[in-house]
Structure formats: C-alpha cells, structure tokens
Amino acid sequence: MIDIALIREKPEWVKEQLQKLNDAAAIPRIDAIGRLDQQRRELLAEGERIQANRNKLNKSVGRLRGDKKLDDAARLAVAASAAAAIESGDLDGALALLTGATPPNGGAPAADALDRLSGALGELANRVEAINGEVKTVESQLDDEMLWIPNLPHESVPVFPSEEDNIAWEPEGEFRAFDFEPKPHWELGPALNLIDFERGVKIAGSRGYVLRGDGARLQRSLIAFLLDMARAKGFTEFYLPYMVRDDSLIGAGQFPKFRDVVYHDADADVYMLPTAEVALTSMHRDEIFDAAQLPIYYVAHTPCFRREKLSAGRDVRGIKRVHQFEKVEMYKFTTPETSYAELEALVEASSAVCRALKIPFRRLEIVTGDLGFSASKKYDLEMWAPGSQEWLEVSSCSNTEAFQARRANLKYRAEGQKKPQFVHTLNGSALGVPRTLIAILENYQQADGSVAVPEVLQPYLGGQTTIRAPEA
RNA sequence: GGAGAGGUGCCGGAGUGGUCGAACGGGCUCGUCUCGAAAAUGAGUGUGCCCUUACGGGUACCGUGGGUUCGAAUCCCACCCUCUCCGCCA
C-alpha cells in the first residue's frame, strides 16, 4: 500500500508515476480514492463531534438519575429542559442544564420527562450509528481501492515501458566454448534419467515432472548449498507453513490482484504458498520492532505453488515454468535509511551464489514498465543456458520500501522517536531451484553425454563429480 | 472426532452495567539518593484514526462481528483462536 497522504496531497504526481508503471487501470482509482478519502474525513468529523457530546450527556444523565440532592420535581424539570434542548439540536445547552450550570427554563415538568430525555439521547445514538455506518461503507470502498494501487517506482528506476527495455549489465563469468552441440535440459534430463516428464504428467497432469535419482539428489544438494550460503551471510534459516491465510497474501501484495495464480482450498479457506516471501512478510505482522533489532535477515527454502495459466506454446518444454517448484528466498526488514544499501547487498548475495556455481550470469536492472506490483526497485539475475540458448531468470531482488510494511503493519520505533513508523522490506531469491538446475545441466554437460557436478556441490553429493546415465 | 477451560495493556493478573484506557504487581524510561552499583524512592510508560502550524483536543480499541441499553471490558447471540484431557495419526 502506498501512503494515502501522497494521493491526498499530489494526486497528479501519483498518476504520473502509475503511467510509468504501465498500470493504466490503476489511474482512475486515484480520483476515486481522493473522493472517498475526503468523504470519510467529513463523516468522521461530524460523527465524532456528536459522539463527543453524547458521551458527556450520557454521563451527566447518570449523575442526574442518582443525584440525592435533587427532589423528583427538580429532577423532572432538568430532564424536561434538557430533552427539549437536545431535540432542538442544542447539545451544549443540554449539557449545561444537566450539569447544573444553567437552571431549567421552567417548562412543564411532565412525569415522563426522564423517558423523554432517554428518548432524545437514543435519537442521538441513532444519528451517530447512521453516520458510523456510512463511514464503514466508505472506508471499505477506500481500502478496496487502495489495495489495487501498485507501489510507486524509486526515482533511480529507469523509465521505460516494457520488459524489452530492461537494462542488462555486463555478464559475469566464463561462457564455455563447446566442441559439440550443447543439448537443452529437456533432452539431457530424460537422457540421463534425471527428469521424467511422462510420469510427472501421469501423476499430476499438465506441467507435472518427476526428478529421479541423481536429479533429485542434485536438487536436494543445491537447496542445502543455497541455504548454507545465506546462513554464512547472517541470514537466519526458517521452516515455514506452506499453506497460508488470505491476510498473509494481502500483506505481501499478492491479493487482491493476483488471486488467480494462487491455489485455494475452499473448505479450509487456506492458500498454497506461491513464494516464501508471503510467509516471511507475515512473520512479524502487527509487530513493532526496536530500531536496535534492525536489520533482520531471514532465509527459507519452500516449495512454491503457482496456478498461473501457462500459455500453450510458450516455455512448454522442460522445467522452466511449472506449477510446483522449490526456491530459496532471502528476506530483510530494515530501516528506510538503509534499505537501498541493503538491496545492493542482497543482489550481491545472489550474485555470489552464481559465481560460486561458476555459471555465467548477468544482472538486469528492471525498468518502470516491468517493475511489477510491489517493488519500488528491482534487479533480476539471469543465468545463461547454452542448451536452451536463453537467459534464465534465477533470481529477483526487490526493495518494496514500506509497501508491504503498510499492508502487513510492520513497524519500528526509531531511536528517540515516540511514533512508530513503517519498516522497509526486501526480498530476493537465492535462487530459484529448477532454473538453476537447468543452468547446471546445460552448462556442465560433457561430450559423452554426462554432466559434471559443480565443485561447490560435490561435498553435498558425497564427493561425486559426475552424473552419468545409469547402466541400461 | 469426543469432553472441558480460556481469550483484558510489554508480561502476570483484577474488574458490582455509568466516574474504566482500565486496580494491583512485574518490566521498561527518566529523575532523586550513592564515589559507583544494588536497595529504596518520585514521575512517566499502548495503538489507530480525525482536527490542529504548534501546544493540544476529540474518538475508537479489553479475541472478531452483531445485539440489548440513554450508557457495555462487564448482559445476550454467532464466529474465530488458544490451551488441557481422551481418541486417531507421520
């Protein structure tokens, strides 16, 4: 969520930002939010004004009823005058009467004066309730609109319309020179009996896949290696729930916009985790940190489940785009002052993993048109896959600034400051597992059809250096 | 799945329908005392929202949502969650 004060104070500027994001659908919402916000505040002011008077009057009535010093006639006289004052809208006058500041004005002290007073106060309660009802309606409309507004880009993000314009940095690492035609992983995997697509589809349907033998072991090793890399950099490792409630998805920015990519168990009303980021964002929901606790670094390996409609004919082969995959995700809670330095460090941490695996990769600076919903600034890392002949996105590192913090109510108290303020949150993959697996297979394949094991993974595979096809 | 207990502030723990944002204790912060510390002692110590340049004022919040009432932490209803015992189970 962005700060509504921005919309209140400079709506045109906000619209310009949305224009850069290519989110034309969000733009008309800004005016709607402006109207709702104003409406809300007007209603609140009116409702609270009456309520403040009502609170005072109610207390005074309690005292009037219990006041031993007044005889019945006097009590009725006060009640009658006060009731008349309330009915005519003079709440201050009524209060003065009830507290004895002004004497009753001598109206007929009817026997039912106390009931009439109660009735008048009840009427006041009804008015407040009616206004509060309107406030509620307006607020829920307002919240709903706000949840659809994407995060705004940081000023350093290059302004271009589409992912075609993302800025690729100079690749790092050595591109291998092959003296044979490198195969894509969808050929290598089955040939080495590491990946079984037919059985996967048999079990799970479209896009199902099975890793087998050294394929499964390689994945397991990779995950352990990735977690160890993060842990060495000070990240605390977590095991997390894979099924989450909708508040968690709203907090991380998945809902309401991306509802259709998340699997849902309607009976239990829980959702399957699309990324660990969702669970990690919610870890400290509704908490207030001390400044001294920040920054906080977390890392977790989880499966990710994505229902996205996988378009026919695109990325259909292999395990590049699937409904279920493993990912190791890093997450940071920081102060606003340090979040951009922390973003650089985060990308560096992911880059270090690519270097350690000795696979050529490059950094992509994401432009405004491709920023997505939650990020203020984002970098992707891509590994080169010589068999598929393409760059594979293996990591995506974002600073969401206070966008998720506002949705999930994540705050901290700055040194010497009374008011808590929102933290900044960052997330980055380290790395996406199937794509890294693809890159390993395709980069480490050898002329005889076998695949060498990256040096850093060998200890995790009991010293094994090569993956070969099993004996026929 | 069966039976029971309970959800109040940073924590523990009170709370006759009106003066309760909430006793009391602990913690924490600032101060006094001290060479310093401990002990003792004084004051303070929630969050959101609205109004206000500011000082400050108002309002809401005692699991959530409804209801009763002039007035609800306190009464009624529904729901959620936690815990204990039994059963089942990796």
Rounded to whole angstrom units, what separation is found between the [atom1] atom of [X] and the [atom2] atom of [N]?
| X | N | atom1 | atom2 | answer |
| --- | --- | --- | --- | --- |
| A:Asn58 | B:C20 | CG | P | 16 Å |
| A:Lys136 | B:U59 | NZ | C1' | 15 Å |
| A:Arg127 | B:U59 | CZ | P | 16 Å |
| A:Leu121 | B:G71 | CG | P | 8 Å |
| A:Asn132 | B:G65 | CG | C1' | 15 Å |
| A:Asp290 | B:U29 | CG | C1' | 12 Å |
| A:Ile50 | B:A60 | CD1 | P | 13 Å |
| A:Leu124 | B:C70 | CG | P | 13 Å |

[N] pairs with which nucleotide, Watson-Crick or G-U wobble, both distances below 3.5 Å?
| N | result |
| --- | --- |
| B:U16 | none |
| B:C49 | B:G58 |
| B:G44 | B:C28 |
| B:A90 | none |
| B:U74 | none |
| B:A23 | none |
| B:G4 | B:C83 |

[N], OP1 or OP2 - any side-chain N/O from [X] closer than 4.0 Å?
| X | N | result |
| --- | --- | --- |
| A:Asn55 | B:G71 | no |
| A:Arg54 | B:G71 | yes |
| A:Gln51 | B:G58 | no |

Looking only at atom [atom1], what distance separates [N] and [M], rounded to whole Å?
| N | M | atom1 | result |
| --- | --- | --- | --- |
| B:A73 | B:C62 | P | 7 Å |
| B:G9 | B:G21 | C1' | 9 Å |
| B:G46 | B:C11 | C1' | 14 Å |
| B:G67 | B:C86 | P | 42 Å |
| B:C70 | B:G15 | P | 28 Å |
| B:C76 | B:G17 | C1' | 13 Å |
| B:C75 | B:A23 | C1' | 22 Å |
| B:G7 | B:A14 | P | 9 Å |

Task: Side-chain ion pair, A:Glu139 and A:Lys136, N-O less than 4.0 Å - done: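 Between A:Lys136 and A:Glu139 there is no salt bridge, as every charged N stays at least 4.0 Å from the carboxylate O atoms.
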
Going by atom types only, do [X] and [Y] share a side-chain donor-acceptor pair under 3.5 Å?
| X | Y | value |
| --- | --- | --- |
| A:Glu344 | A:Tyr379 | yes |
| A:Tyr242 | A:Thr302 | no |
| A:Arg407 | A:Gln404 | no |
| A:Thr334 | A:Ser339 | no |

Open item on the list: Applying side chain to side chain donor-acceptor pair (under 3.5 Å), can you list everything that pairs with A:Lys411, at least two apart in sequence or on another chain?
Closed with: none

Open item on the list: Suppose we screen for side chain to side chain donor-acceptor pair (under 3.5 Å). Which residues come up paired with A:Arg8, at least two apart in sequence or across chains?
Closed with: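 Expected list: A:Asp37.
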
- [ ] If a protein heavy atom is under 4.0 Å from the base, mark B; if only from the sugar-phosphate, S; if neither, -; do that for nucleotides 44-51 of chain B going 5' to 3'.
- [x] --SSSSSS

TODO: Keeping the roles fixed (side chain from A:Asn151, backbone from A:Thr400), state whether a donor-acceptor pair exists under 3.5 Å.
DONE: yes

- [ ] Look only at the side chain of A:Lys15 and the backbone of A:Ile30, and say whether a donor-acceptor pair between them is shorter than 3.5 Å.
- [x] no

